[in-house]
2 protein chains.
Amino acid sequence: MTPQPSERVYAALRSAVLHGDFAPQQPLKPQELATTHGVSLAVAREALLRLVGEGLAERLPNRGFAVPATGAERWQQLAEARATIEPAALRLAIERGDLEWETRVRAAQHRLAGTPVYERDGDRHFSDAWSQAHRGFHRTLLEACGNDVLLDTFDRLWTASELARRWSVVSSPGRDGSAEHRALEEAALARDADRAAALLHHHVSRTAAALTE
Amino acid sequence: MTPQPSERVYAALRSAVLHGDFAPQQPLKPQELATTHGVSLAVAREALLRLVGEGLAERLPNRGFAVPATGAERWQQLAEARATIEPAALRLAIERGDLEWETRVRAAQHRLAGTPVYERDGDRHFSDAWSQAHRGFHRTLLEACGNDVLLDTFDRLWTASELARRWSVVSSPGRDGSAEHRALEEAALARDADRAAALLHHHVSRTAAALTE
DNA sequence: CGTACCGGGATAATCGATTATGCTTACTCG
DNA sequence: CGAGTAAGCATAATCGATTATCCCGGTACG
């Protein structure tokens with residue numbers, strides 16, 4: 001009925017870390033989290049251990065937990081890994097996707113195009129709704145690959161990228177993300193694997209290049 | 001000095017799961033593990049949660065933990081994912097590797113070639129030493145890619161594959177793995193990215209095809 | 001003046017017991 | 001005789017307290 005304390009604390013902590021409420025390398029003290037969430041130490045520990053498994057926290061033996069260190073280098077490595085893996089998965093998806101997949105891709109693209117990128121004008125951070133739609137579009141593109149392992153890898157890298165982006169100063173001078181997404185959708189639905197893979201590689205690579213050092 | 005109980009139990013449990021001491025979907029009862037290892041419930045729980053993070057255990061809310069279900073399908077998906085990702089990483093490694101890398105690749109290949117595959121004649125399972133050398137060779141090949149994210153992904157997939165292989169009946173009729181490894185080493189050190197990537201893709205794909213249904 | 005040693009305080013790790021939950025089985029009612 | 005239900009049991013989840021470890025500051029010695 002009511003969600004388990006463990007689940008609740010885990011979700012709250014995960015959201016907080018991803019939202020940037022804790023600075024990188026900041027210690028995540030079990031005792032503190034336990035009291036603020038009104039639970040026992042074991043529950044806080046459990047939530048932290050689950051975050052470690054997701055790569056959203058680090059375990060320092062006998063020194064507790066901390067938000068993982070992020071920075072320019074990690075951001076670029078994540079982007080490179082995505083640029084390496086995602087186009088290959090997209091090729092599989094284009095080869096295997098059916099009408100159902102095409103439909104979902106169109107829907108996801110439409111949702112993404114219709115979602116405002118920023119909450120307020122001049123905001124530096126993307127809106128939650130847009131982030132969700134963005135992830136949804138990219139994931140939907142790959143879902144037809146029919147390989148849960150590849151999709152898990154995508155999820156993991158995407159989540160890690162969200163954390164890294166939160167702590168990197170990213171600039172996208174004059175970049176038209178919408179156009180890139182539209183072109184990506186078009187190439188995928190046209191079953192042009194070469195073009196789609198190239199577009200996706202370029203899309204992700206520009207993400208890496210958009211880093212202000 | 002002496003390793004932390006948590007670490008010890010975690011290592012023991014991890015080894016046991018990978019070694020196949022527990023059948024897939026078999027419940028991993030915290031209480032049982034705690035008593036057999038002479039520790040408290042919290043320690044057993046912690047070890048299990050860490051295993052979940054590695055994909056070596058499943059968490060069923062309010063129903064404890066279990067060894068993940070494996071089977072032909074998962075085995076093939078893992079092989080396909082590896083065949084998708086590893087050749088791409090190898091291209092980066094070939095592009096970026098230096099003399100130090102070449103040296104380590106040669107060393108790893110030599111060690112692998114000189115390690116007996118089976119403990120005893122007619123044994124169905126690979127020897128631990130060979131498994132370690134095999135992993136070492138493949139990982140060393142990729143290490144020059146210089147991308148920790150890709151290497152982490154490799155580690156994760158390899159570990160998952162070891163678990164899946166343990167519970168799949170795999171046959172390799174007339175296959176000469178040594179020759180494939182030698183050819184792979186040769187192509188990599190010759191900096192022939194196309195040939196090396198093709199060989200690696202083929203090598204991993206045959207692993208998937210070697211499944212007896 | 002620099003370095004090695006030694007408490008004191010904070011925090012992580014562990015424990016044993018308690019509470020909550022989900023499964024099983026026996027029973028009752030239709 | 002079958003379906004639904006409720007008690008009992010096994011197990012997971014949680015708690016509060018105890019123990020071990022690390023980090024920091026002070027101090028003595030070279």
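In what follows, every chain begins at residue 1, and chains take the letters A, B, ... in the order their sequences are listed.
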Taking the six-membered ring for Trp, are B:His181 and B:Trp130 parallel (under 30°), tilted (30 to 60°) or perpendicular (over 60°)?
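Ring orientation of B:His181 relative to B:Trp130: tilted.
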
Expected string for nucleotides 8-19 of chain C under the B/S/- scheme (protein heavy atoms, under 4.0 Å, primed atoms plus P, OP1, OP2 as sugar-phosphate) is ---SSSBBBB--

Got a salt bridge between B:Glu46 and A:Arg59, using NZ or NE/NH1/NH2 to carboxylate O under 4.0 Å?
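A:Arg59 and B:Glu46: salt-bridged.
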
Short side-chain to backbone donor-acceptor contact, B:Glu58 and B:Ala66, under 3.5 Å:
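Answer holds: no.
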
Which side-chain N or O atoms in residues 104-117 of chain B pair as donor and acceptor under 3.5 Å with protein atoms at least two apart or in another chain?
unit_1	atom_1	unit_2	atom_2	d
B:Arg104	NH2	B:Glu143	OE1	3.0
B:Arg106	NH1	B:Glu185	OE2	2.8
B:Thr115	OG1	B:Arg111	O	2.6

Who passes side-chain contact (heavy atoms from CB on, under 4.5 Å) against B:Ser131, sequence neighbours left out?
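Scan of B:Ser131 (side-chain contact (heavy atoms from CB on, under 4.5 Å), adjacent residues dropped) gives B:Phe126, B:Glu162, B:Arg165.
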
